[in-house]
Amino acid sequence: MALKTNSSGKSAAQLLDPFGRSIDYVRLSVTDKCNLRCFYCMPEGFRNFEEPEHWLRFDEIERVIGAFAELGVSRVRLTGGEPLVRKGLPVLAARLAALSGVDDLSLSSNATLLSRHADDLKRAGISRINVSLDTLRPERFREITGGQLEPVLAGLMAAKAAGFAPIKINMLALKGLNDDEFEAMVEFCLEHDFTLRFIETMPVGSTGRNASQNYLDLGSVRRHLAKSFELVPGVMPGGGPARYVRVGGTELRIGFITPMSQHFCATCNRVRLSVDGTLYLCLGQDHKYELRSLLRQGISDAGLKDAILEALALKPERHEFLDKPGQVVRFMSMTGG
Ligand code: SAM
Ligand code: SF4
């Protein structure tokens, strides 16, 4: 692990992990709570949430993200749990967007509360939004998430009206549950000018492992879609781990995120900060580093940056979802997906 600077020794810092990967992205979980219960993410009736006194306060989050930004991180995504259930999220977003070095502040949301907050989030400086949406059928939505589809659609339209672009729809491909809706979701995204990304289910937590019975290899989804649409290989700026195609004759991009069938660990560029101030170095491993106690003991800014560098040295090479599917016991909502 190393910290590189440019020839003038200023800015353009670059955080490198032990495998030479440049880490420029933090996924920041602002809460482990959620108003939905997607069966692959959080168990029904789950209540064992982090104590409020353990949540990082906004000033603590700002310090940690500020330290990361000084070390070379330029991209931050607010996530959870459902980030919009954390009170004052637009206020936090504005504080993070104002940090020197943070060029790209984005949000992952289930969109249930987005119609209320879309304008404030846009004004706060969030540039891009990803929304989880696995089905367009209300009954099926209830079955998968325990909630109602209507507010999600309203939230998506509010985000569009507020001027967010691109808006990306994240759809888990679930055998026997939504595998007859892929074309319908493509049409929906074409109609509304959204980007569509399919995701493979991961064995994260007992919920993720139970959902393995619905696992679908995205190679099969792509072959299936190719029967109805012309899929032109393409790229998407800032597309992350997704492999993109464009639907011929349209501007619609479809991404395939394949953590299981074709993992992308060699290009991993991220770490995750959970609501209690734990840095997780990999979604699929237990390597972690606690920052909250250091913050509350009054660590200096220099000490905080040293702690982050020490944490980065723990980043493992890859997940082992296939070799050790029972390994990760925490739910996706706890780590910050
Ligand atoms: N609540 C927000 C949402 O749903 O977008 C943000 C947090 S959620 C944990 C982030 C992403 O994790 C969602 O797109 C969700 O589909 C995905 N996710 C949750 N559990 C998963 C699993 N077992 N395998 C793959 N993706 C999962
Ligand atoms: Fe909530 Fe997102 Fe997990 Fe669904 S995937 S339960 S919306 S945190």
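Just follow the structure's listing: the first ligand is 1, and inside any ligand the first atom is 1.
With a 4.0 Å heavy-atom cut-off, ligand 1 is reached by the backbone of Ser109 but not by any atom from C-beta on.
Numbered from 1 in the order shown, with element, the atoms of ligand 1 that lie under 4.0 Å from a heavy atom of Cys41 read 19 (C), 20 (N). Residue-ligand proximity, Gly208 to ligand 1, at heavy-atom distances under 4.0 Å covers atoms 23 (N). Atoms of ligand 1 lying under 4.0 Å from at least one heavy atom of Thr79, given by number and element, are 6 (C), 7 (C). Taking every heavy atom of Thr201 and a limit of under 4.0 angstrom, the matching atoms of ligand 1 come to 24 (N), 25 (C). For ligand 1 and Glu82, the ligand atoms under 4.0 Å from any heavy atom of the residue are 1 (N), 2 (C). Atoms of ligand 1 found under 4.0 Å from any heavy atom of Gly81, numbered from 1 in the order shown, are 1 (N), 2 (C), 6 (C), 7 (C). Residue Glu200 has at least one heavy-atom neighbour below 4.0 Å for each of these atoms of ligand 1: 25 (C).
Under a 4.0 Å N-O distance rule, the pair Arg77/Asp104 does not qualify as a salt bridge. A salt bridge is defined here as a Lys NZ or Arg NE, NH1 or NH2 lying under 4.0 Å from an Asp or Glu carboxylate O, and Arg57 with Glu60 meets this definition. One finds a salt bridge joining Glu62 and Arg95 here, because a Lys/Arg side-chain nitrogen approaches an Asp/Glu carboxylate oxygen to under 4.0 Å. The pair Asp17-Arg21 meets the salt-bridge criterion, with a side-chain N (NZ, NE, NH1 or NH2) lying under 4.0 Å from an Asp/Glu carboxylate O. Salt bridge Glu230/Arg246: absent, no basic N to carboxylate O contact under 4.0 Å. Residues Glu181 and Arg140 are paired through a salt bridge, judged by an N-O separation under 4.0 Å between the basic side chain and the carboxylate.
Between Ser106 and Arg75, the side chains place no donor N or O within less than 3.5 Å of an acceptor N or O (distance only, hydrogens not considered).
Distances from ligand 1 to the non-hydrogen atoms of Pro203 include no value under 4.0 Å. Under the 4.0 angstrom criterion for non-hydrogen atoms, Ala211 is not in contact with ligand 1.
Residue pairs meeting the ring-ring contact (aromatic ring centres under 6.0 Å, His included) criterion with at least one partner in residues 188-216, sequence neighbours excluded, are Phe182-Phe198, Phe188-His192, Phe188-Phe194, His192-Phe194, Phe198-Phe256.
With atom 26 (N) of ligand 1 as the reference point, the heavy atom nearest to it among Asn130, Leu172, Thr207 is part of Leu172. Proximity annotation for atom 23 (N) of ligand 1: of Met202, Met260, Arg197, Met202 comes nearest, heavy atoms only.
Contact annotation for atom 6 (S) of ligand 2: protein present (non-hydrogen atoms, distance under 4.0 Å).
A pairwise comparison of heavy atoms in Lys315 and Ile23 identifies CE-CD1, 3.8 Å as the closest pair.
When the side chains of ILVMFWY residues are joined at heavy-atom separations under 4.5 Å, either directly or via intervening members, Leu273 and Ile126 end up in a single hydrophobic cluster.
Inspection of the environment of atom 3 (Fe) of ligand 2 yields the following protein N, O or S atoms under 2.8 Å: Cys41 SG.
Within the 4.5 Å cutoff, no side-chain heavy atoms of Leu279 are placed close to those of Leu314.
When atom types are taken as modelled, the side chain of Glu70 and the backbone of Ala67 share no donor-acceptor pair closer than 3.5 angstrom.
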